[in-house]
Amino acid sequence: MAEIVSRVKRDYIASLIQQGKRADGRATDQFREVSVEKDLIKTADGSARVKIGKTHVLVGVKLQKGEPFPDTPDSGVLIVGSELLPMASPTFEVGPPREEAIELARVVDRGIRESESIDLDKLVIKSGEEVWSVFIDIDVLDHDGNLIDASALAAIAALTDVKALKEEGWTLPEFPLKEKPVAVTVVKVNGKLIVDPKLDEEQVMDARLTIVTTEDDSICAMQKGCAGSFQKEEIEQAYVIARGKAAELRKLLG
Amino acid sequence: MAEIVSRVKRDYIASLIQQGKRADGRATDQFREVSVEKDLIKTADGSARVKIGKTHVLVGVKLQKGEPFPDTPDSGVLIVGSELLPMASPTFEVGPPREEAIELARVVDRGIRESESIDLDKLVIKSGEEVWSVFIDIDVLDHDGNLIDASALAAIAALTDVKALKEEGWTLPEFPLKEKPVAVTVVKVNGKLIVDPKLDEEQVMDARLTIVTTEDDSICAMQKGCAGSFQKEEIEQAYVIARGKAAELRKLLG
Amino acid sequence: MAEIVSRVKRDYIASLIQQGKRADGRATDQFREVSVEKDLIKTADGSARVKIGKTHVLVGVKLQKGEPFPDTPDSGVLIVGSELLPMASPTFEVGPPREEAIELARVVDRGIRESESIDLDKLVIKSGEEVWSVFIDIDVLDHDGNLIDASALAAIAALTDVKALKEEGWTLPEFPLKEKPVAVTVVKVNGKLIVDPKLDEEQVMDARLTIVTTEDDSICAMQKGCAGSFQKEEIEQAYVIARGKAAELRKLLG
Amino acid sequence: MDKPEKLMIDGKRLDGRSPEELRPFKIVAGALERADGSAYVEMGNNKVFAAVYGPREMHPRHHALPDQAVLRCRYNMAPFSVDDRKKPGPNRRSIEISKVTREALEPVMFLELYPRSVIDVFVEVLQADAGTRTAGINAASVALADAGIPMKDLVSSVAVGKVEETVVMDLFKEEDQWGTTDMPIAMIPRKKAITLLQMDGHFTEEEFKYALDLASRGCTQIYEAQRQALKEKYTMRKEEE
Amino acid sequence: MDKPEKLMIDGKRLDGRSPEELRPFKIVAGALERADGSAYVEMGNNKVFAAVYGPREMHPRHHALPDQAVLRCRYNMAPFSVDDRKKPGPNRRSIEISKVTREALEPVMFLELYPRSVIDVFVEVLQADAGTRTAGINAASVALADAGIPMKDLVSSVAVGKVEETVVMDLFKEEDQWGTTDMPIAMIPRKKAITLLQMDGHFTEEEFKYALDLASRGCTQIYEAQRQALKEKYTMRKEEE
Amino acid sequence: MDKPEKLMIDGKRLDGRSPEELRPFKIVAGALERADGSAYVEMGNNKVFAAVYGPREMHPRHHALPDQAVLRCRYNMAPFSVDDRKKPGPNRRSIEISKVTREALEPVMFLELYPRSVIDVFVEVLQADAGTRTAGINAASVALADAGIPMKDLVSSVAVGKVEETVVMDLFKEEDQWGTTDMPIAMIPRKKAITLLQMDGHFTEEEFKYALDLASRGCTQIYEAQRQALKEKYTMRKEEE
């Protein structure tokens with residue numbers, strides 16, 4: 001069940017965007033206020049809170065010893081989970097994660113994995129037997145749109161918060177973080193591209209495209225969503241927007 | 001879905017209790033007839049059937065080799081499960097255990113665990129690797145109220161029925177049972193406290209308090225239930241009732 | 001939800017059968033056209049497709065190393081699964097297998113297991129530690145009746161398609177297939193016995209009996225289904241029909 | 001449990017029975033308090049309760065049928081009923097047995113009398129010793145009658161099998177595990193109508209025919225005990241009145 | 001975490017508190033944006049959010065009650081809130097805590113005001129340090145008030161326990177793990193009505209009575225802070241107007 | 001499967017293709033009997049069926065929408081379709097692919113024509129060889145047309161990627177596993193509208209732009225084959241009449 005926005009309001013939001021304006025006065029390529037806080041959760045090895053406007057996401061990272069996957073005996077394990085907590089929105093329900101939560105976790109996972117952000121090869125304790133597993137868990141506390149960007153930013157922020165462990169089996173001087181991928185989702189409404197959609201803007205969007213870029217502006221992951229389509233030119237334009245915004249957001253990681 | 005009792009009947013039951021009387025003529029602190037039978041199930045290592053009035057519970061205990069929990073390498077494992085069988089009541093449904101069944105098992109578990117009824121430290125075969133697991137499974141066959149007391153009594157009765165095993169790895173002369181905790185549930189109706197509520201009395205109760213006591217009358221576990229509340233004096237009074245009734249019930253364990 | 005056939009059509013089908021006739025002109029003991037194709041799936045170690053009329057079943061066999069069951073340390077493992085794919089019928093639903101799919105897999109399993117079709121004792125790599133597991137997975141792609149016979153035939157055909165592995169741990173010159181059991185389901189409609197019911201015939205059947213026979217005509221498994229009953233004479237007659245049809249179907253295995 | 005050297009010695013079985021003999025059994029009608037009907041059955045070391053609720057309203061309603069009652073059966077084993085503790089909840093075996101139990105009972109029901117409703121049959125195995133499904137059907141059949149639900153007749157059930165080339169009645173655990181063949185059957189004994197038939201193992205045509213006869217004899221004996229159990233319950237009720 | 005040699009030294013606890021002392025705590029009303037009411041609570045190292053939605057329409061509708069609202073509570077721990085990562089989803093412990101949380105809050109609700117509807121209370125533990133259920137109840141109580149849902153009073157909660165023969169207030173992690181007894185309590189402090197009471201461990205009659213008194217004192221302190229938090233929220237709102 | 005030393009030799013790929021070349025493929029419309037529409041697709045060693053049912057009544061009804069049909073997609077892999085047997089049932093990967101498959105097809109649907117109903121698309125992968133989701137979309141698109149459901153156009157799909165610094169068309173298994181980048185795309189080729197776009201790996205801006213062009217060329221080739229398959233099916237039908 002999606003949250004219901006009246007047709008009048010939907011039409012208003014969509015027609016504003018067509019004119020290059022937004023209901024809250026932002027420019028089409030402007031994010032709401034973004035804050036990043038780290039080191040909040042003592043029980044986690046790294047943690048971060050990201051707020052984008054009223055959207056509020058908390059990510060905790062835990063490192064635990066475990067077995068490697070049989071086909072990658074010389075690599076640590078990366079597992080990303082997400083919970084769209086029912087407290088975060090009147091429409092999120094109690095129960096096992098549904099496709100929206102699964103897609104969120106998998107897009108965040110791919111950005112980190114494909115940018116080789118974490119040097120998983122360094123997280124081996126004993127080849128084929130014991131490795132460090134990196135659990136990245138996303139808790140969505142308030143949902144007012146743009147969950148992917150907020151979650152991906154919180155995840156990479158939490159990873160930058162991970163310190164060298166003091167446990168047996170840990171031999172590295174620091175957590176082997178090599179790259180800070182940043183996801184930016186560009187959304188198409190009435191033929192216009194905007195960034196950082198609020199929830200009511202998401203309800204009028206035709207399609208969205210998330211582009212995860214690394215520090216050299218190359219692309220490491222993408223995901224198109226929703227029932228609409230993009231022209232090639234729109235996608236190229238989205239990339240230009242995304243790499244610009246990613247550079248801004250990356251500065252907030254400290 | 002709770003069983004529906006007509007408002008007239010509910011009012012009748014509740015007003016009787018307010019006068020210190022009960023529909024079936026019992027005193028407020030009187031149990032229905034309680035029977036305890038043991039050694040009924042050959043496939044179990046210990047078993048007991050408890051009937052309290054029309055309530056009928058069968059418990060089987062099985063000892064099996066298994067791994068200890070990582071944080072207690074030198075302790076056996078205790079696992080209590082319960083099934084509110086759909087045959088036991090028109091309102092019990094087929095399916096995974098719901099909160100009522102889970103609470104039942106956990107309260108029985110706590111009484112046994114916290115009284116250190118079983119000397120789990122003696123159930124180690126090889127430290128950190130192999131221990132005896134004690135599975136206590138509660139089968140509720142007929143539900144006419146007061147399931148917690150009946151189940152807890154059947155569980156401890158079944159434990160007294162466990163003999164020394166003849167299996168490899170068993171070295172004890174007998175099953176290391178040290179204590180016989182007994183649960184007594186005191187229920188508040190219209191400001192009065194009664195014991196051993198029948199199902200129709202449970203349907204008019206404001207609150208219930210289960211108190212598990214050991215042979216020296218000290219308390220090892222408690223659980224308040226239902227939407228009402230207790231005054232401190234009521235709780236102290238409930239404790240006095242519970243320890244008296246526990247002593248009576250404990251005699252039935254033989 | 002069963003597929004709904006109008007009462008008129010049901011009566012027509014049933015009264016035809018009572019006269020020893022069938023809507024599609026077949027004799028009561030006549031199968032629809034049966035085809036068996038093998039070696040279709042490269043990712044499987046053996047595979048076969050069986051079509052009986054419009055019923056279409058694909059079976060893949062995979063051999064994988066695994067642990068033996070604790071009570072049979074010197075035997076390989078046989079596991080049969082089935083999926084009544086929602087694409088196969090408007091009434092099959094997405095979700096975990098329901099009783100119909102479970103019964104299908106278990107009847108196929110029993111025919112293979114009880115005829116000792118596979119010499120599981122030869123599939124041991126290291127006694128008590130490592131054995132070959134034989135996974136037989138049934139994918140039902142089109143359901144127009146008689147799924148048990150089609151699936152059992154596809155399963156045994158896929159087993160005849162398994163070649164000696166080239167993996168470490170495999171030492172046998174060929175897959176140890178000793179017997180080719182064939183299932184034939186005889187269905188009772190209006191007191192008459194017919195074979196190979198189409199879906200609309202299944203919807204008017206009183207009862208069905210699946211008889212799995214081996215090459216010497218002895219019986220290795222049976223399963224009665226549906227809400228009706230059989231007389232002893234009907235069962236004996238069903239056996240005679242089944243062994244005759246099994247011999248015909250077995251020829252198709254090549 | 002190691003395999004015994006022999007399962008038959010001098011024509012007798014390991015528990016002393018002849019090949020044609022049933023295990024001792026016991027059937028009690030009305031064994032539970034809450035259910036609309038119930039029964040308790042022992043067959044050898046099997047201990048089984050059955051309970052019946054209904055006809056009652058179906059929940060959720062869209063599972064009801066407009067022209068008849070739905071018969072639902074649930075066969076369940078207590079975790080302690082077998083040597084290795086059984087994890088609670090249904091598994092593939094219990095789902096299949098629930099299905100064939102329902103199909104064994106349906107031929108004697110008048111489901112068309114109760115459109116839109118459900119009749120629930122619950123079978124609980126407390127102690128298992130081969131043949132639990134047959135014990136469950138025997139109990140369920142009595143429980144349905146005890147619930148006052150109109151039935152064409154009772155259903156009676158027993159397993160026959162083959163042990164070292166001998167066809168035998170009512171297998172017990174060792175025979176079930178180490179014998180060649182297991183064939184559970186349920187019948188409406190007076191009509192000789194077979195409502196459950198499953199078989200695993202090996203039978204020649206002759207063995208199979210003889211096994212059907214043997215099962216028929218066993219079911220008839222059980223049928224008498226089922227009727228007797230219901231009579232005793234009915235008499236007791238009368239006396240209480 | 002190895003067991004410390006002693007849990008009390010010279011009458012002081014390992015974190016420096018006296019036996020009768022609460023951990024530092026913090027209560028904020030209206031801590032979340034989307035929920036109808038919310039709160040954030042720290043008790044020692046516990047960090048807990050609560051959110052309330054409702055009264056709203058119940059889905060699915062047949063779970064609604066004709067004469068009152070249903071109160072639903074869900075207690076959940078974030079995977080990273082404990083030392084060993086917690087697998088997402090409910091487990092037996094969280095289902096029990098959800099139940100007792102609901103029963104701790106029900107005595108102050110006027111559920112009969114909202115027939116056919118549901119009030120949802122969600123508790124999320126972000127960082128756990130013994131006593132999460134009491135922190136959750138404290139937060140939930142404030143969140144309900146923040147949602148503007150009529151209540152008879154606030155519910156306040158704390159755990160008391162026993163550590164090396166001393167009855168102590170508000171256990172922290174080491175005391176919870178290595179101490180003798182844990183007794184979480186919730187009260188309506190002004191009525192002295194106890195709405196949650198659980199206990200694990202060992203109490204003599206005297207210890208138990210003293211523990212009830214101690215809990216009552218703790219709840220009263222928390223109650224004042226809950227009221228203060230709501231007042232601050234209300235004042236801020238007024239100022240914003 | 002060990003990593004090959006090189007994935008490109010003298011400008012050719014390990015299966016002999018040039019970088020711009022599609023694998024051999026085969027598209028058949030109407031490949032199944034029961035479904036309202038169906039298709040069978042091979043792309044390299046992928047073997048995939050798609051079936052369509054609907055528009056039909058939605059169950060349960062409260063999932064229906066008042067003003068349009070719901071499009072439901074279920075992507076599923078047969079247990080034997082991959083090297084290591086896949087456990088039956090959905091997993092996180094298949095749930096995501098089901099979602100993006102639906103979103104790839106929705107832009108060509110007229111869902112508003114069938115309020116309150118559902119259109120079901122089932123994709124079954126029998127043999128997998130990299131690019132199963134693209135093969136599934138190609139099959140589903142044809143199956144929808146075969147079902148006679150009005151569509152704006154067909155959707156065509158292919159994955160492009162990067163292998164040792166070369167952007168290549170239509171990855172096969174070794175390239176998918178050992179290559180740098182995988183980018184599955186679906187398009188409405190005549191409108192150049194992109195309806196599916198996912199990417200894992202590494203692309204510079206230039207590579208990315210070239211990859212989009214390459215994908216567009218691939219989709220156009222597949223589009224022709226899809227139309228041809230439907231034409232053949234239609235012709236056959238005509239001949240049968």
Side-chain angles (χ1 to χ4, degrees), chain B residues 1-2 4 7 69-72 79-82 96-107 109-116 179 181 188 206-214 216-236 238-240 242-243, chain E residues 1-2 62-63 65 67-68 71 73 83-84 90-109 111 152-153 155 162 177 180-188 191-209 211-213 215-216:
Chain B
M1 192 184 64
I4 292 147
R7 173 151 293 278
F69 289 118
D71 53 343
T72 54
I79 291 173
V80 179
S82 79
R98 291 173 306 158
E99 61 174 35
E100 195 178 354
I102 288 169
E103 185 187 37
L104 175 64
R106 285 177 64 85
V107 172
D109 180 304
R110 284 207 287 266
I112 293 166
R113 188 182 303 278
E114 298 298 330
S115 66
E116 294 172 22
E179 178 64 74
K188 181 174 163 184
D206 300 313
R208 65 166 161 75
L209 179 64
T210 300
I211 302 178
V212 191
T213 50
T214 48
D216 66 355
D217 289 343
S218 65
I219 308 171
C220 62
M222 287 191 288
Q223 180 89 344
K224 180 255 174 189
C226 301
S229 64
F230 286 102
Q231 293 296 311
K232 191 189 173 215
E233 298 67 38
E234 291 168 338
I235 285 175
E236 291 176 2
Y239 161 69
V240 173
R243 84 179 163 198
Chain E
M1 198 164 61
D2 290 330
H62 65 270
H63 286 180
L65 295 180
D67 52 353
Q68 63 163 92
L71 181 67
C73 291
D83 283 334
D84 288 324
N91 56 27
R92 288 159 56 99
R93 175 181 173 276
S94 74
I95 290 170
E96 188 196 356
I97 295 179
S98 297
K99 179 179 189 291
V100 298
T101 297
R102 185 185 73 231
E103 293 172 337
L105 297 169
E106 276 179 325
V108 295
M109 308 294 293
L111 295 176
K152 296 167 194 163
D153 204 338
V155 174
K162 187 163 71 169
Q177 181 158 14
T180 309
T181 310
D182 179 27
M183 183 166 85
I185 283 195
M187 299 182 77
I188 312 169
K191 288 194 182 173
K192 302 278 175 213
I194 294 165
T195 67
L196 171 97
L197 175 58
Q198 297 184 289
M199 189 274 234
D200 295 351
H202 181 268
F203 268 152
T204 63
E205 184 173 1
E206 291 63 41
E207 289 165 346
F208 174 47
K209 287 180 177 174
L212 285 174
D213 282 334
S216 178

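Proteins come first, then strands; the chains are lettered A, B, ... in the order of their sequence lines, and each starts at number 1.
Among the candidates E:Leu212, E:Leu71, E:Val100, the residue making the largest number of heavy-atom pairs closer than 4.5 Å to chain B is E:Leu212. In terms of non-hydrogen atom pairs under 4.5 Å with chain E, the most contact-rich of B:Gly228, B:Cys220, B:Gly225, B:Ala105 is B:Cys220. Highest contact tally toward chain B, considering only E:Lys192, E:His63, E:His62, is held by E:Lys192 [criterion: heavy-atom pairs under 4.5 Å]. Of the residues considered (B:Ala207, B:Ala221, B:Ala227), B:Ala227 shows the highest number of contacts with chain E, using heavy-atom pairs under 4.5 Å. Of the listed residues (E:Glu207, E:Met183, E:Met109, E:Arg93), the greatest number of heavy-atom pairs within a distance under 4.5 Å of chain B belongs to E:Arg93. Ranked by non-hydrogen atom pairs under 4.5 Å with chain B, the options E:Pro107, E:Gly201, E:Pro184, E:Ser216 are led by E:Gly201.
Residues E:Glu96 and B:Gln223 have side chains in contact (heavy-atom distance under 4.5 Å, counting atoms from C-beta outward). Taking the side chain as every heavy atom from C-beta outward, B:Lys232 and E:Asp213 approach each other to under 4.5 Å. When side chains are defined from C-beta on, E:Ile95 does not count as touching B:Arg106, because their heavy atoms never get closer than 4.5 Å. Looking at B:Lys224 and E:Ile194, their side chains never come closer than 4.5 Å, going by heavy atoms from C-beta outward.
Of the atoms belonging to E:Arg102, it is side-chain heavy atoms, and not backbone ones, that fall under 4.5 Å from chain B. Only the side chain of B:Arg243 has a heavy atom closer than 4.5 Å to any heavy atom of chain E. Using a 4.5 Å cut-off between heavy atoms, B:Leu209 contacts chain E through its side chain alone, with no backbone atom that close. Contacts of E:Met187 with chain B are absent, with no heavy-atom separation under 4.5 Å from either backbone or side chain. If you measure heavy-atom distances from B:Asp206 to chain E, you find no contacts under 4.5 Å at all.
From E:Phe208, atom CZ reaches atom CE of B:Met222 across 3.5 Å, with rounding to the nearest 0.5 Å. Taking NE2 from E:His202 and OG1 from B:Thr214, the interatomic distance works out to 5.5 Å, rounded to the nearest 0.5 Å. Separating the CD atom in E:Glu205 from the CD1 atom in B:Ile219 is a distance of 7.5 Å, to the nearest 0.5 Å. The CD atom of E:Gln198 lies 11.0 Å from the OG1 atom of B:Thr210; values are rounded to the nearest 0.5 Å. Taking CD of B:Glu114 as the start and OG1 of E:Thr180 as the end, the distance is 10.0 Å to the nearest 0.5 Å. For the atom pair CG of B:Asp71 and CG of E:Asp83, the computed distance is 11.0 Å after rounding to the nearest 0.5 Å.
No more than 12 heavy atoms of other residues, nucleotides or ligands sit less than 6.0 Å from atom CD of B:Glu116.
Not counting sequence neighbours, the partners of E:Ala193 by the side-chain contact (heavy atoms from CB on, under 4.5 Å) test are B:Ser229, B:Gln231, E:Ile188, E:Lys191.
A salt bridge is defined here as a Lys NZ or Arg NE, NH1 or NH2 lying under 4.0 Å from an Asp or Glu carboxylate O, and E:Lys99 with B:Glu99 fails to meet this definition.
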